Amino acid sequence: MYSEKVMDHFQNPRNMGEIENASGVGTVGNAKCGDIMRIFLDIDKQGVIQDCKFKTFGCGAAVATSSMATELVKGKTIEEALQVTNRAVMEALDGLPPVKVHCSLLAEEAIHAALWDYAQKNHLEIQGLEAPKSDVSEEEVEEEY
Ligand code: FES
């Protein structure tokens, strides 16, 4: 059912953890399955993503997509990172079963939410970036767990 790459990223997730004093943090959740994903970005003065980490309370596909998403945005500029869509993450993982597509959407949304947080903190406008839809605040996360 799952590709070897999905299994690999699920069993050996890359970049799991958090970044202290991150340039941007994005937390998103899916109300239906209750899974939550948080992405931390370290962005340098040139707007290049130097580091990216994730924390995911979710299913195996959510862990695998978070892991792959962090790999894909590392070393990229903000504009390039915006191109890392859920489709790109799924392709890099050699696909996901249809019922698991929403898990990859969480990864795309979490990256966007982290970029949005970075933009807000630095008073920047990033073209093509919209306010996160399913961002859940720190307090809400704590209430749920
Ligand atoms: Fe919801 Fe995977 S089942 S993120």
Side-chain angles (χ1 to χ4, degrees), residues 1-43 47-122 124 126-145:
M1 180 168 159
Y2 288 114
S3 73
E4 271 177 36
K5 278 195 190 161
V6 173
M7 291 310 291
D8 178 31
H9 278 263
F10 168 57
Q11 278 162 343
N12 312 293
R14 327 297 199 260
N15 311 308
M16 200 156 64
E18 41 190 292
I19 298 175
E20 252 180 77
N21 304 317
S23 321
V25 182
T27 307
V28 293
N30 181 299
K32 273 200 190 136
C33 63
D35 291 351
I36 289 173
M37 196 181 283
R38 182 172 293 166
I39 294 261
F40 302 81
L41 296 174
D42 180 19
I43 302 172
V48 176
I49 298 170
Q50 292 296 340
D51 201 7
C52 178
K53 292 210 185 295
F54 79 91
K55 268 190 153 179
T56 292
F57 304 90
C59 72
V63 171
T65 50
S66 317
S67 168
M68 182 53 92
T70 57
E71 287 279 272
L72 290 177
V73 300
K74 248 198 209 182
K76 292 216 159 72
T77 64
I78 292 163
E79 288 71 24
E80 288 166 344
L82 275 178
Q83 307 304 315
V84 178
T85 58
N86 77 306
R87 197 169 286 267
V89 174
M90 278 199 298
E91 273 169 21
L93 285 169
D94 293 337
L96 279 175
V99 292
K100 290 288 172 183
V101 171
H102 79 271
C103 318
S104 63
L105 211 53
L106 219 48
E108 177 186 316
E109 286 179 359
I111 293 171
H112 285 190
L115 287 172
W116 180 264
D117 181 44
Y118 166 75
Q120 296 287 102
K121 280 182 184 154
N122 294 280
L124 296 172
I126 300 174
Q127 217 165 3
L129 182 66
E130 287 174 16
K133 284 185 211 100
S134 53
D135 202 9
V136 282
S137 74
E138 196 92 32
E139 295 74 42
E140 280 175 274
V141 174
E142 262 150 28
E143 264 167 32
E144 278 178 44
Y145 283 86

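Ligands are counted one by one from 1 in listed order, and the atoms in each one are counted from 1 as well. Keep in mind that this is a model prediction, so the values were computed, not measured. Only heavy atoms go into these numbers, but all of them, side chains included; no hydrogens, no water, no symmetry mates.
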Seminar exercise, completed: One should read off an interatomic distance between L106 CG and K100 NZ, to the nearest 0.5 angstrom, of 11.0 Å

Seminar exercise, completed: Hits for salt bridge (charged side-chain N to carboxylate O under 4.0 Å, His left out) against E18, two or more places apart or cross-chain, chain-then-number order -> K55

Problem set entry | Rounded distance (nearest 0.5 Å) linking atom NZ of K5 with atom OG of S67 | 12.0 Å

For this session: Non-hydrogen atoms closer than 4.0 Å to ligand 1: which protein residues do they belong to? List them by chain and number, please.
Result: C33, D35, C59, A62, K100, H102, C103, L106

For this session: Check for a donor-acceptor pair, side chain of T27 on one end and backbone N or O of R38 on the other, with a separation under 3.5 Å.
Result: no

Exercise. With no hydrogens and no angle check, is any side-chain donor or acceptor of N30 less than 3.5 Å from a backbone partner on D35?
Worked result: no

Problem set entry | Flag for S3-D94: side-chain donor and acceptor within less than 3.5 Å | no

